Amino acid sequence: MDINIVITLFSSISFIIYGVGSFTSKKMISEFERWGYKNQRQLIGSFQLIGGAGLLAGLNYSILIPIASFLLSVLMIGAILVRIQIKDKFVNVLPATFYAILNFIIFYTSVI
């Protein structure tokens with residue numbers, strides 16, 4: 001299996017799980033409050049679901065891969081900035097950093 005397909009599947013499934021968690025997980029709900037985004041939780045969760053679904057659909061409709069991966073990268077850069085702003089520990093910034101880089105790689109490889 002192509003490595004691009006593997007990382008795209010990994011990212012898409014991760015974002016779908018995080019998106020669902022934004023609606024259902026008590027821990028995620030409290031995290032959004034801690035981050036100061038309590039009122040935007042459902043919107044951000046929807047973006048995560050749409051982005052993850054866009055990556056999955058992009059495996060059949062390649063035009064969706066660069067769009068979804070770019071937007072997920074931007075979303076994760078925003079998450080990094082929020083965590084820096086609230087002075088989160090470095091280890092708490094790593095997941096958003098990982099997904100920002102991963103989705104940028106997906107984006108870059110889809111447009112070259």
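Given the structure is predicted, the values throughout are model-derived calculations rather than measurements.
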Is there a side chain to side chain contact (heavy atoms under 4.5 Å, CB included) between Ile67 and Leu71? Walk through the geometry before answering.
CA-CA 6 Å; Ile67 297 166; Leu71 293 174; 4.0 Å; yes
Shared hydrophobic cluster for Phe107 and Ile3 (ILVMFWY, side-chain gaps under 4.5 Å):
no
How far apart are the C-alpha atoms of Gln48 and Ser22, what are their side-chain angles, what is the distance that settles it, and do they pass the side-chain hydrogen bond (donor to acceptor under 3.5 Å, both in side chains) test?
CA-CA 9 Å; Gln48 292 171 328; Ser22 296; 3.0 Å; yes
Closest heavy-atom contact between Met76 and Ala96?
CB-O, 3.6 Å
Between Ser11 and Tyr99, is any side-chain donor less than 3.5 angstrom from a side-chain acceptor?
no
What one should report as the nearest heavy-atom pair of Ser12 and Leu55 is CB-CB, 3.6 Å
Would you check if Leu94 and Phe90 make a side-chain contact, meaning some heavy-atom pair closer than 4.5 Å?
yes
The reported gap from CG in Asp2 to CG in Leu9 (rounded to nearest 0.5 angstrom) is 10.5 Å
Nearest-0.5 Å distance, OG of residue Ser46 to CZ of residue Arg41:
10.0 Å
Minimum heavy-atom separation for Gly52 to Leu72, with atom names?
N-CD1, 4.2 Å
Determine the minimum heavy-atom distance between Gly21 and Met28, stating which atoms define it.
O-CB, 3.4 Å
Could you walk me through whether Phe23 and Ile29 pass the side chain to side chain contact (heavy atoms under 4.5 Å, CB included) check?
CA-CA 7 Å; Phe23 290 95; Ile29 292 169; over 6 Å; no
Can you confirm whether Tyr18 is buried at OH, in the sense that more than 12 heavy atoms of other residues, nucleotides or ligands lie under 6.0 Å from that atom?
no
Working for side chain to side chain contact (heavy atoms under 4.5 Å, CB included), residues Asn92 and Lys87
CA-CA 10 Å; Asn92 292 338; Lys87 297 178 179 26; over 6 Å; no
Can you find a pair of side-chain heavy atoms, one from Leu49 and one from Phe15, that are under 4.5 Å apart?
no
If you group Ile, Leu, Val, Met, Phe, Trp and Tyr whenever their side-chain heavy atoms sit less than 4.5 Å apart, what else falls in with Ile50?
none
Any non-hydrogen side-chain atom of Ile84 less than 4.5 Å from a side-chain atom of Asp88?
no
Same cluster (ILVMFWY, side-chain, under 4.5 Å), Ile17 and Ile44
no
May I ask whether Val6 and Leu59 are part of the same hydrophobic cluster, defined by side-chain heavy atoms of I, L, V, M, F, W, Y residues being less than 4.5 angstrom apart, directly or through others?
yes
Which pair of heavy atoms, one from Ser110 and one from Ile65, lies closest together, and at what distance?
CB-CG2, 3.5 Å
Looking at Leu64 and Gly54, what are the two nearest heavy atoms and their distance?
CB-O, 3.6 Å
If only atom types and distance count, is the side chain of Ser62 paired as donor or acceptor with the main-chain N or O of Gly58 below 3.5 Å?
no
Is Ile106 linked to Phe47 within one hydrophobic cluster, defined over Ile, Leu, Val, Met, Phe, Trp and Tyr using a side-chain heavy-atom separation of less than 4.5 Å?
yes
Check the orientation of Phe32 and Trp35. Use parallel for under 30°, tilted for 30 to 60°, and perpendicular for over 60°.
perpendicular
I need the Ile101 CD1 to Tyr108 OH distance, nearest 0.5 Å.
15.5 Å
With a 4.5 Å cut-off on side-chain heavy-atom distances among I, L, V, M, F, W and Y, is there a chain of contacts connecting Val111 to Phe104?
yes
